[in-house]
Every structure is written in C-alpha cells, then in structure tokens.
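Here's the structure, in structure tokens; my notes come after.
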Amino acid sequence: MNVKIESSRIIKPFYEGTPPSTNTHISFNIFDNITYDALMALIYAYRPPTPPTSTIEMGLRKTLAVYREWAGRIGQDENGNRAVFLNDEGVRFIEASVDATLDEVLPLKPSPSLLKLHPGMKDVVELIQVQVTRFTCGSVVVGFTGHHMIADGHAASNFFVAWGQACRGVEITPLPLHDRAIFHTRNPPLIEFNHVGAEFMSKSVNKKEFIKLENTEKNIIVHKVHFTLEFLGKLKANASFMNGKTKTYSTFESLVAHLWRVITKSRELDGSQNTQIRISVDGRRRVVPRVADEFFGNLVLWAFPTSKVRDLVNEPLHFATKIIHDAITKVDDKYFKSFIDFANHEVNEDLIPTADMKKDTLCPNLEVDSWLRFPFYDLDFGTGCPFVFMPSYYPTEGMMFLVPSFIGDGSIDAFIPLYHDNLPTFKKICYSLDLKAK
C-alpha cells in the first residue's frame with residue numbers, strides 16, 4: 001500500500017463567538033498522572049459516499065472549541081506539576097491518498113502497514129493528530145492519534161461522538177465536564193490497600209523488570225481472532241457452571257478468562273510461575289457519589305487477577321473466570337478512595353506509575369484493553385458509521401485489545417500479539433473449551 005501525503009498542517013479550534021483566553025491551564029489529577037504517557041492510535045474506514053475532507057476538518061475544529069484540552073500542549077504548572085495548557089496551538093491534520101481501491105488492501109490487518117494510515121507517534125507535541133486517506137474507489141480511512149493523559153477510553157469515545165455531531169451540523173451534546181480537581185482526600189486519609197505494586201512501583205524495581213530484547217518486534221505477530229455470538233454464549237455458559245451450581249459471569253469475564261488460559265498454554269510457561277492480567281476498571285460508576293459519564297479526563301484503575309500457571313491451565317474455565325470476577329469486584333469505591341488518599345499523601349520520588357507502553361513483552365503476564373462498551377462506531381461524519389474500527393499495530397507481546405465486531409451482532413474481535421513460535425499452538429486451541437483434551 002503506497003500512501004502519498006498530500007498535505008500536513010496545524011488546524012485550530014473554531015469559535016463561533018469570542019474566543020476564550022489562551023493563558024489558562026488544567027492541572028492533571030492523580031488518575032491522569034498514573035495512566036500511559038503515550039499516544040494511542042485508532043483506525044476508522046468508511047465506504048462511499050463519504051463526506052468531503054473539509055467537512056471532517058471543520059467538524060474537528062468546532063469540536064476542539066468544546067474539548068479544548070486536545071488543542072493545547074502538555075507542560076508544567078506553577079507548582080512544577082504536569083498540566084495541559086489551553087493555548088489553542090492546534091492539532092495536526094494530514095491529507096493522504098492511495099492509488100488503489102480500498103478493496104485491494106482489505107482486510108486491514110494488524111500489521112506494520114497500518115502505521116501508514118495514521119500520523120507517526122514519536123517526538124510529537126500535538127495531542128491529537130488526524131490523517132484522512134482517500135482511495136480511488138471513494139472510500140476513506142481516518143487515522144487518529146490521541147494522548148492518553150488527556151482522556152481515557154470513555155472520555156475519548158464521547159469526543160468522537162461529538163466530532164460526528166459537529167460534522168452533521170447538530171448540537172454537541174452532552175457537553176464535557178472539564179473539572180479534573182474533583183477528587184479529594186479524606187480527613188484523616190484512610191489507606192486500606194497496597195498501591196505499591198499495583199498503580200505504582202519503585203524505580204529500582206522497574207530497572208530490574210524492564211525487558212528490551214533485540215529484534216523482538218520482528219518475532220511478534222498481532223493475530224486477530226473473531227469470536228461469534230454463538231461461541232461467546234457457549235463460553236459464558238461453560239464459565240458459569242461448576243460442580244452442579246451456576247453463577248453467571250459476564251461475557252467479558254468469560255472471554256478474558258478463556259484467552260488468559262489459551263495464551264498461557266501457548267506460551268509453554270513453567271507451571272510454578274505466576275501469571276497476571278492487567279484489566280482497566282472505569283471509576284465513573286464505582287466512585288460514590290457517582291462521577292458523571294461526561295467527565296473528561298482519566299478515571300481508571302486496574303484489577304490484577306493472578307494465578308499459578310499450572311492451576312490456570314489445569315482447572316476448568318470457571319476457576320479463571322472467578323479469579324477475574326473477584327479481582328474486578330474489589331476495585332470498588334473503597335479502593336478508589338484508598339488510592340486517592342495514597343496518591344496524595346504517600347507518593348515520593350522513588351515511586352513511578354506501573355502503566356508503561358515501552359515494554360516489548362509482558363510475558364508471563366497479559367494486559368487487556370477492552371473497548372466493548374464504548375460507542376466508537378458512532379463516529380458518523382454525515383454519511384454513515386464506519387464499517388471498520390480497530391486499534392493500530394501494537395506489537396507488544398501480551399497486550400491484547402477487545403473490540404466489538406463491525407457485524408454488529410454482539411460478536412467480538414480480539415487483537416492478540418504473540419511470539420511467532422507460540423502462534424501455531426494458539427490457533428489450534430483458541431476455540432477449544434477443553435484445554436486438557438488438547
């Protein structure tokens with residue numbers, strides 16, 4: 001796929017009234033500061049008829065007037081803390097073309113070629129970048145990069161819905177809530193959980209655990225797996241039944257448990273090792289009083305279900321599903337408030353966030369980024385919703401993404417990076433409900 005860059009420029013918010021001051025800033029809160037200090041990239045694909053690029057661009061400019069953080073820059077406030085400065089310096093907007101039809105390059109596979117469909121992510125100061133790539137058939141691919149410290153998945157999906165509304169000429173609603181300083185410590189603080197090893201780690205531990213392997217990326221394949229609604233139903237039923245008793249677990253819990261077991265067996269790990277999953281938990285509906293869905297920023301902590309390898313692969317699916325369910329359940333209002341107290345009173349210069357996008361491999365652990373509940377498919381520029389939505393190419397072994405299938409029937413696509421040598425076993429057992437038989 002030969003992508004030709006036609007233009008690259010900075011675009012700024014479009015204000016219909018008097019522009020606001022560009023000398024203000026919003027300091028990051030403790031949830032912003034522990035999330036991934038990195039850009040994330042998404043790919044959208046649309047069939048013709050598609051709107052003109054000018055519509056997509058103007059819609060973005062109008063949306064930036066509402067979500068001003070994206071058009072700003074990250075810096076330090078008067079206290080030396082990280083903040084986003086609302087200076088309206090703008091975002092990168094790129095127009096590109098491909099001398100081929102989209103059908104000629106479909107399906108869009110999680111491979112290095114995807115990197116051509118969105119702007120680069122190294123040495124970037126813009127907090128948003130957009131690339132509109134047009135194909136000879138009239139189809140268009142919109143590649144988006146956004147800085148994670150500005151917004152988590154929930155907040156980013158609200159932004160995408162607003163962008164579509166602006167392109168269609170309708171009122172942006174609901175409006176975002178920009179106040180990030182709403183999380184307060186208790187008096188006296190009450191730290192009930194251990195947050196070192198969860199959200200934070202020692203710098204010395206990080207140096208020991210950081211793994212950098214030569215040419216690792218070349219040995220990693222990002223494999224896409226489609227799980228039908230029928231299979232997910234069987235998986236959920238299988239996970240929920242144990243010793244003649246039924247306890248219903250969610251489709252997400254059941255699928256993650258299944259993938260945890262399958263990937264662990266594919267890795268051929270020592271049975272005495274521990275294996276762990278990092279699972280994002282949105283705090284909006286867990287913190288009391290509840291935080292509005294319109295909150296714009298980060299409000300995520302993580303659950304860390306853990307098991308011995310031998311127990312995980314030898315026990316039935318119910319075993320892994322229960323571990324996951326219990327770990328997620330524990331990240332409740334008490335846990336969030338304990339974290340708030342800890343982050344405000346106990347964090348010192350030796351502690352750094354555990355969230356890290358720089359690792360090449362997570363083995364023997366996993367991380368799952370679930371986009372199953374976010375309305376990413378609702379990004380309608382005026383001619384319909386995308387027929388493809390997917391993450392870009394992330395060759396970090398063990399960091400998997402779950403995305404609703406474009407079919408729209410409740411089926412799920414999983415993007416799973418594995419070492420090349422582990423892939424044959426994974427393919428052989430990924431649809432098996434009985435790992436012992438394989």
Item to check | Modelled atom types, side-chain donor and acceptor of T35 and H148, under 3.5 Å | outcome: yes
Checklist entry - Judged by modelled atom types alone, do T354 and R278 share a side-chain donor-acceptor pair under 3.5 Å? => result yes
Next on the checklist: Are there over 12 heavy-atom neighbours, none belonging to F304, within less than 6.0 Å of that residue's CZ?
Outcome noted: yes
Checklist entry - For the residue pair P391 and L114, what are the closest heavy atoms and their distance? => result O-CD1, 3.9 Å
Next on the checklist: Quick check: closest heavy atoms across P353 and N33, and the distance to 0.1 Å?
Outcome noted: CG-O, 3.5 Å
Checklist entry - Among D152, D333, D293, whose salt bridge (charged side-chain N to carboxylate O under 4.0 Å, His left out) with R284 holds? => result D152
Item to check | Ring centroid separation H195 to Y335 under 6.0 Å | outcome: yes
Next on the checklist: So which atom in K265 and which in L435 form the shortest heavy-atom distance, rounded to 0.1 Å?
Outcome noted: NZ-O, 2.7 Å
Checklist entry - Between N158 (side chain) and A155 (backbone), is there a donor-acceptor pair under 3.5 Å? => result no
Item to check | Whether over 12 other heavy atoms sit under 6.0 Å from N274 CG | outcome: yes
Item to check | Closest heavy-atom pair and its distance - T145, A41 | outcome: CG2-CB, 4.0 Å
Checklist entry - Does the side-chain hydrogen bond (donor to acceptor under 3.5 Å, both in side chains) test come out yes or no for T101 and D103, once each step is laid out? => result CA-CA 5 Å; T101 66; D103 285 339; 5.3 Å; no
Item to check | Test item: side-chain donor near acceptor, H154 and D282, under 3.5 Å | outcome: yes
Checklist entry - Would you find more than 12 non-hydrogen atoms of other residues, nucleotides or ligands less than 6.0 Å from R290 atom CZ? => result yes
Next on the checklist: Checking T228 against E230: is there a side-chain donor and acceptor pair closer than 3.5 Å?
Outcome noted: no
Next on the checklist: Whether R267 and E397 form a salt bridge (side-chain N of Lys/Arg under 4.0 Å from carboxylate O of Asp/Glu) is what I want to check.
Outcome noted: yes
Checklist entry - For the ring pair Y394 and F415, is the centre-to-centre distance below 6.0 Å? => result no
Checklist entry - Shortest non-hydrogen contact from P119 to G143? => result CD-O, 4.1 Å
Item to check | Single hit among F183, F296, W302, Y36 for ring pair (Phe, Tyr, Trp, His ring centres under 6.0 Å) with F31 | outcome: F183
Next on the checklist: Less than 3.5 Å apart, any donor N or O on the side chain of T185 or N344 sitting next to an acceptor on the other?
Outcome noted: no
Checklist outcome for this item: Looking only at heavy atoms, the pair that brings D37 and M149 closest together is OD1-SD, 3.5 Å
Item to check | S8 versus R92, side-chain donor and acceptor atoms under 3.5 Å | outcome: yes
Item to check | Donor-acceptor contact below 3.5 Å, side chain R261 vs main chain L312 | outcome: yes
Checklist entry - Do the side chains of T136 and D99 get nearer than 4.5 Å, heavy atoms only? => result yes
Checklist entry - Hey, do the aromatic rings of F144 and Y44 have their centres closer than 6.0 Å? => result no
